[in-house]
Protein chains: 2
Amino acid sequence: MLNERSLSVSQECAECPIRHRAVCARCESDELERLEEIKYYRKFEAGQTVIWSGDRMDFVGSVVSGIATLTQTMEDGRTQMVGLLLPSDFVGRPGRSNAAYDVVATTDLVMCCFRKSPFEELMRQTPHIAQRLLEMTLDELDAAREWMLVLGRKTAREKIASLLSIIARRDASINMTTAHGNIVFDLPLTREAMADYLGLTLETVSRQISALRKDGVIELEGKRHVTVPDMSRLLEEAGDDADGGVFA
Amino acid sequence: MLNERSLSVSQECAECPIRHRAVCARCESDELERLEEIKYYRKFEAGQTVIWSGDRMDFVGSVVSGIATLTQTMEDGRTQMVGLLLPSDFVGRPGRSNAAYDVVATTDLVMCCFRKSPFEELMRQTPHIAQRLLEMTLDELDAAREWMLVLGRKTAREKIASLLSIIARRDASINMTTAHGNIVFDLPLTREAMADYLGLTLETVSRQISALRKDGVIELEGKRHVTVPDMSRLLEEAGDDADGGVFA
DNA sequence: GCGCAACTTTGACCCAGATCAAGACCGCGT
DNA sequence: ACGCGGTCTTGATCTGGGTCAAAGTTGCGC
């Protein structure tokens with residue numbers, strides 16, 4: 001999730017953002033054909049659960065369009081988002097039979113899936129697929145650890161700025177920037193989902209977003225449409241180095 | 001880090017906890033021989049830095065004995081531990097040339113290292129090594145995400161109990177349990193290091209440990225020697241299911 | 001156009017944990 | 001034995017963010 005690497009690889013093919021090549025940039029045509037055979041699409045509506053933690057998971061795949069979240073929930077209902085799945089992000093745990101997290105679509109969602117056991121069989125026969133997956137998993141691990149710093153040591157304001165800068169950065173390669181170099185995007189998450197990502201309450205999220213708006217760090221149109229006039233200012237607010245920071 | 005899988009595999013060989021087999025349980029003798037050729041040991045004293053974040057890292061390896069931490073630090077000095085390396089844990093990022101975190105020995109430390117480029121070459125030729133590393137990385141990703149829940153949503157008391165139960169569980173397979181089934185271990189971390197792991201201050205760590213002692217959840221002898229009379233009680237305090245919880 | 005439900009904002013107050021400060025407890029080197 | 005530095009505990013106070021409450025906004029179905 002949230003890494004540049006899989007994104008750039010996935011841009012090779014127009015039909016489907018994972019489109020085999022996000023998994024494997026070097027596959028030969030017959031391997032691509034075998035992937036094609038075990039491929040299928042799944043569509044979900046906003047709010048639908050893709051899979052529950054603990055359920056048997058007989059596929060791997062990746063996000064074609066829309067946004068999904070990975071969350072963990074304690075018995076008393078406290079929940080923590082542990083990952084955000086944007087288009088081209090990979091989902092699935094080769095070698096594991098059960099899902100470890102709830103996966104929920106927060107917008108309408110299309111996924112490109114591969115049946116798990118033939119995929120694993122192909123992985124065994126095609127070594128560089130495992131290597132590619134290792135790289136992607138290392139990227140996710142980095143992102144998870146960056147997020148541990150955010151959760152453990154940043155203030156509410158810094159947390160919000162960190163989340164906005166991740167989305168802005170990630171969206172920047174998809175969305176347009178205005179003539180003035182502003183970054184513009186729509187928040188794909190409710191205040192509550194942001195709170196669950198950041199380890200805050202939704203009220204605090206709302207207050208801090210208002211504060212950032214008042215201070216001119218961001219501009220808001222409606223509740224979701226965000227303009228970032230000065231990205232380095234936002235990164236500064238996030239506590240990262242202004243010149244790129246941790247996600248550079 | 002902190003997973004049962006690599007631990008159990010590593011018990012196959014007595015000479016060195018990683019001993020090739022932690023990397024690869026199915027290697028043939030000639031592959032083990034090649035690993036042997038590129039293997040070397042490194043020793044560090046308590047407090048020594050193994051590698052700084054951003055530095056070139058030309059090895060991979062694993063912990064033979066002792067304990068190390070992975071930490072990230074912000075410019076203003078706030079630090080967050082993102083991983084705890086116990087014996088048999090793997091260190092290194094195949095395919096990446098630079099370290100992403102500071103690695104610091106918190107006790108005297110022995111590591112078993114492999115030179116990186118021949119290791120990667122061997123990995124290319126021996127597909128199941130990449131698969132094994134993928135599994136280990138997925139384990140680390142799970143542990144990191146579990147920790148996100150701890151950092152984002154648990155109270156100070158629950159955080160302490162979570163850390164103690166991880167160490168207890170992990171140490172249980174190494175250390176002895178007393179006749180009464182008590183789990184006994186020495187804390188391998190200072191209060192400050194615990195605070196950095198948990199996103200707390202060292203004072204709060206100290207207070208909560210005192211509170212858990214007063215409430216009979218743990219017993220303390222000196223500052224570091226811990227006895228857990230009732231593991232399920234500790235897991236309950238951690239906010240996990242009493243019957244095993246998230247690390248079952 | 002109205003009403004309802006989901007989402008969001010804002011205010012008032014409170015509390016868990018941070019901060020500041022003072023000692024206590026070691027182990028170690030001289 | 002002593003002093004010293006590192007580690008740990010405990011107390012007093014402060015505050016960022018949580019909690020509770022109320023009202024504003026938006027969109028959708030009828």
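Sequence lines set the chain letters: A, B, ... in the order given, protein chains first and strands last, and positions in each chain run from 1.
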Problem set entry | Under 4.0 Å protein heavy-atom contacts per nucleotide of nucleotides 17-27 of chain C, with B for base, S for backbone only and - for none | SSBB-------
Taking all atoms of both residues into account, what is the closest heavy-atom pair of [X] and [Y], and its distance?
| X | Y | value |
| --- | --- | --- |
| V64(B) | P87(B) | O-CB, 3.6 Å |
| I160(B) | Q208(B) | CG1-CB, 3.7 Å |
| L141(A) | Y101(B) | O-OH, 4.2 Å |

For this session: Give a yes/no on whether any side-chain N or O of S210(A) is located under 4.0 angstrom from OP1 or OP2 of dT10(C).
Result: yes
Exercise. Is there a donor in the side chain of T204(A) and an acceptor in the side chain of T201(A), or the other way round, less than 3.5 Å apart?
Worked result: yes
For this session: Could you verify whether a donor N or O on one side chain and an acceptor N or O on the other, from T79(B) and D196(B), lie under 3.5 Å apart?
Result: yes
Exercise. Looking for any heavy atom pair under 4.0 Å, which part of the strands does T190(A) touch: base, sugar-phosphate only, or nothing?
Worked result: sugar-phosphate
Exercise. Do any N or O atoms from the side chain of R78(B) and from the backbone of R153(A) form a donor-acceptor pair under 3.5 angstrom?
Worked result: yes
Exercise. Which is it for E237(A) and K159(A) under the salt bridge (Lys or Arg N to Asp or Glu O under 4.0 Å) test, yes or no, and what are the steps along the way?
Worked result: CA-CA 9 Å; E237(A) 291 283 354; K159(A) 285 178 175 182; over 6 Å; no
For this session: Considering only heavy atoms of chain B and a distance under 4.0 Å, specify the first and last nucleotide of DNA chain D in 5' to 3' order that meet this criterion.
Result: dC8(D) to dA12(D)
Exercise. Relative to F185(B), does R169(B) satisfy both conditions: NZ or CZ under 6.0 angstrom from the six-membered ring centre, and within 45 degrees of the ring's axis?
Worked result: no
For this session: Starting at atom CG of D196(A), determine the distance to atom P of dC7(C), rounded to an integer number of angstrom.
Result: 13 Å
